[in-house]
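Below is one structure, written out as structure tokens; the observations come after it.
Since the structure is predicted, the reported quantities are computational estimates derived from the model, not experimental observations. Per chain, numbering begins at 1; letters A, B, ... match sequence-line order.
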Amino acid sequence: MNETTNQPDEKKERIPAMQSLLDNPFLLLFIGVAMPTVFYLMWGIMEIVTIPVAP
Amino acid sequence: MAQFRTCPDTGLYFHKSAESLIKANAVVGAVFLLVAGILALLVTLTRWQAIHLLPADQFYMALTAHGIDALIFWIIFFEMAVLYVASSVLLRCRLATPYWGWVQFALMMVGSVMTNVAIFQGGSSVMMTSYVPMQAAPHFYLGLILFAVGALIGCFVFFGTLVVAKDEKTYEGSVPLVTFGAITAAIIAVFTIASGAIILVPTFLWSIGYISHIDAEMYRIIWWGLGHSSQQINVAAHVSIWYLIAGLVFGARPMSEKVSRAAFLLYIFFLQLASAHHILVDPGVSSEWKVFNTSYAMYLAVLASMIHGLTVPGSIEVAQRAKGLTNGMFEWLRKAPWDNPVFSGMFISLITFGFIGGITGVVMGTEQINLIIHNTIYVPAHFHATVVTGTTLAFMAITYFLIPVLFRRQMILPGLAKIQPYLFGGGMSILILFMLGAGTMGVSRRHWDMDFTGAALGFDYPGIAYTMMGIGAFGGVIGVLGGAAFLLVTVGSLLFGKKLEPSAGLLQSFGVPLAASCYSSTKPEILPMAPPLEHHDTTSFEAPGTFVLALLLLVSFVVYYFINWKYLASVWPLS
């Protein structure tokens with residue numbers, strides 16, 4: 001009975017976006033892997049790959 | 001049906017399978033710490049030019065094994081234990097897929113032994129970095145790959161346990177801050193291991209002749225995604241342990257959970273980009289790449305460390321003041337339990353990590369002043385401050401807590417345990433500070449012989465550089481003694497400590513479960529959400545002593561930063 005009466009209150013309570021992010025370990029995992037992959041690895045590798053080969 | 005044991009002293013719940021895995025990983029980690037410590041002594045006594053213990057070939061072999069055993073094997077085995085504690089124990093839930101947990105352990109064991117065998121066979125003295133075109137034996141790389149796969153499995157067992165806890169509603173609200181810190185460590189670990197796979201798999205294929213060439217610069221960039229990020233796992237893990245110890249010893253709660261979580265989020269976003277500071281003097285990559293990854297992104301990660309460095313002692317101060325220790329600025333700190341190695345180890349870890357590791361890390365991450373010290377012995381000085389007095393000392397401190405709680409043994413030699421953090425932290429700090437000085441004078445990072453005997457292009461270091469290396473090595477010997485004291489107390493306690501539970505025998509110290517009667521199938525109580533913090537008077541500082549410490553750190557940083565820029569100007573010379 002209690003559960004059913006509590007449900008509308010729970011629905012009303014909006015979880016802030018930041019809280020949702022912090023509570024989602026798999027989204028954090030995605031961001032935590034994507035950031036260094038793009039900015040450190042891929043960017044760095046592209047710079048090495050585009051170095052002209054000595055004649 | 002999952003079985004749990006309740007610790008009668010702390011009320012912590014241990015899932016039977018998780019408990020065995022935590023013990024097994026921690027004990028094997030300690031074995032690698034022992035090996036690394038012995039090798040550290042040999043390396044230190046060789047770099048002390050007056051003693052110059054080992055011949056060149058043995059020195060490079062010992063240095064390779066020391067780096068890998070200390071920086072990778074000891075720490076990551078222990079971190080596996082930390083991940084299982086932070087998930088299963090703190091969230092009061094069963095460990096997801098214990099079978100895969102044992103696969104993690106087995107792969108890491110096989111890998112670490114294989115790599116050590118390769119090194120001690122003598123054909124793989126390529127240092128931890130193993131830069132190509134230097135080539136090690138194939139099983140050197142294969143061992144590292146197996147170890148990395150094992151660690152990756154451990155990370156996913158950890159993530160799986162988070163899912164179990166959420167699914168079975170074992171906690172209310174969000175995960176505790178310590179678990180959130182462990183999530184941060186596991187995320188960084190996944191990137192680290194992926195980088196390792198990207199570069200070590202082709203390098204292994206190159207070592208068996210399947211690939212003809214590995215580009216040296218490409219190797220360096222990708223390898224440092226592994227090499228430096230693996231140390232960032234440590235940062236997230238030991239900061240989590242700081243919070244844990246503050247809670248355990250003082251009942252302290254973070255000054256602001258939101259701020260502390262945001263700081264961990266900054267780690268997730270930016271900490272791994274700091275790997276770029278190893279490439280700051282390399283040709284081939286642009287200044288844009290270097291400056292973004294170090295001078296911008298890295299500073300945001302440094303900001304996160306400064307937040308943790310403020311909130312951890314701040315939370316202790318608030319807790320101490322609430323107990324009535326309100327006299328003056330530092331009564332809370334003066335009357336802290338300095339004879340409790342759990343606290344003293346943690347606090348020395350915090351101070352040395354912040355004041356020495358943090359400040360020197362920013363200096364190294366600045367492209368211009370990095371030029372003064374790049375590839376000098378300043379670099380190992382920096383990472384000994386972060387990983388040895390920072391991470392290792394924090395891990396030692398929490399081990400003192402775990403011996404009675406997890407292993408159910410009373411600690412032996414309590415007098416030695418009391419002084420151990422000072423011995424280890426003090427000795428290592430001497431080593432670090434004098435290596436920083438010698439590095440600023442240009443003493444090379446890894447060269448066996450400071451005299452460059454017989455070299456075609458020799459170099460004479462000033463006499464003071466030799467003195468600094470000698471004093472530093474003396475500190476290193478004290479640090480090794482401190483490490484030996486830790487192993488004596490902890491391993492001795494597992495073997496000879498009074499049993500706090502009759503079935504806690506020798507095998508139980510290494511992972512065999514306690515007697516069946518210790519466990520029950522009753523589900524642990526749900527971890528309640530912590531009550532909101534009491535409203536504090538916002539017109540005054542809650543933690544004025546910590547604020548003064550933070551200002552001291554800031555002043556130290558500004559002065560040291562200025563000195564380095566001034567030194568750079570005199571080196572070039574521009575003024």
Side-chain angles (χ1 to χ4, degrees), chain A, chain B residues 87 155-156 158-159 162-163 166 173-175 179-180 182-184 186-192 194-195 198-199 215-222 224-225 228-229 232 236 257-258 261-262 264-265 267-276 279 282-286 288-290 292-293 296-297:
Chain A
M1 189 68 186
N2 263 344
E3 280 179 13
T4 48
T5 49
N6 280 344
Q7 267 178 3
D9 289 341
E10 282 171 10
K11 276 181 188 168
K12 274 181 204 166
E13 197 181 329
R14 212 170 136 261
I15 299 170
M18 189 68 172
Q19 179 78 45
S20 304
L21 171 67
L22 294 175
D23 284 344
N24 189 338
F26 293 98
L27 182 55
L28 292 174
L29 174 63
F30 173 77
I31 296 170
V33 172
M35 283 281 290
T37 302
V38 171
F39 288 109
Y40 176 81
L41 280 182
M42 290 173 69
W43 184 1
I45 290 169
M46 288 309 293
E47 297 221 343
I48 301 297
V49 169
T50 51
I51 296 173
V53 178
Chain B
S87 54
C155 290
F156 282 103
F158 167 76
F159 282 115
L162 297 181
V163 173
K166 192 163 190 177
S174 302
V175 296
T179 306
F180 191 76
I183 291 174
T184 306
I187 289 170
I188 297 172
V190 171
F191 171 76
T192 301
S195 302
I198 293 169
I199 199 60
D215 182 85
E217 185 58 27
M218 191 78 83
Y219 178 94
R220 282 172 60 80
I221 288 183
I222 304 173
W224 278 112
H228 200 82
S229 300
Q232 317 291 29
E257 283 252 354
K258 280 182 194 166
R261 278 172 206 260
F264 276 122
L265 191 65
Y267 277 171
I268 292 171
F269 283 179
F270 301 112
L271 192 54
Q272 301 151 84
L273 304 179
S275 304
I279 316 292
D282 284 31
V285 275
S286 64
E288 289 87 345
W289 181 87
K290 293 174 180 175
F292 174 80
N293 280 295
Y296 286 90

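- Both the backbone and the side chain of B:F159 come within contact range of chain A, with heavy atoms under 4.5 Å apart.
- With values rounded to the nearest 0.5 angstrom, B:I188 atom CD1 is found 10.5 Å from B:H228 atom NE2.
- A donor-acceptor pair under 3.5 Å is absent between the side-chain atoms of B:N293 and the main chain of B:S275, judged by distance alone.
- The choice from B:V190, B:L162, B:L273, B:I183 that makes the most heavy-atom pairs within less than 4.5 Å of chain A is B:L273.
- A:F39 has its ring centre no less than 6.0 Å from the ring centre of B:W289.
- Residue B:K290 does not touch chain A at all, counting heavy-atom pairs closer than 4.5 Å.
- With a 4.5 angstrom heavy-atom cutoff, B:Y267 does not touch chain A via any of its atoms.
- Of the N and O atoms on the side chains of A:E47 and B:S286, at least one donor lies less than 3.5 Å from an acceptor on the other residue.
- Looking at B:L265, the atoms closer than 4.5 Å to chain A (heavy atoms on both sides) all sit in the side chain, from C-beta outward.
- In this structure, chain A has no heavy atom under 4.5 Å from any part of B:L271.
- A:F30 does not touch chain B: none of its heavy atoms, backbone or side chain, sits under 4.5 Å away.
- B:F180 touches chain A through its side chain: at least one heavy atom from C-beta onward sits under 4.5 Å away, while N, CA, C and O do not.
- A distance-only check finds a donor-acceptor pair linking the side chain of B:Q272 to the backbone of A:G32 [under 3.5 Å].
- If you tally non-hydrogen atom pairs under 4.5 Å between each of B:A262, B:S195, B:G284 and chain A, the highest count goes to B:G284.
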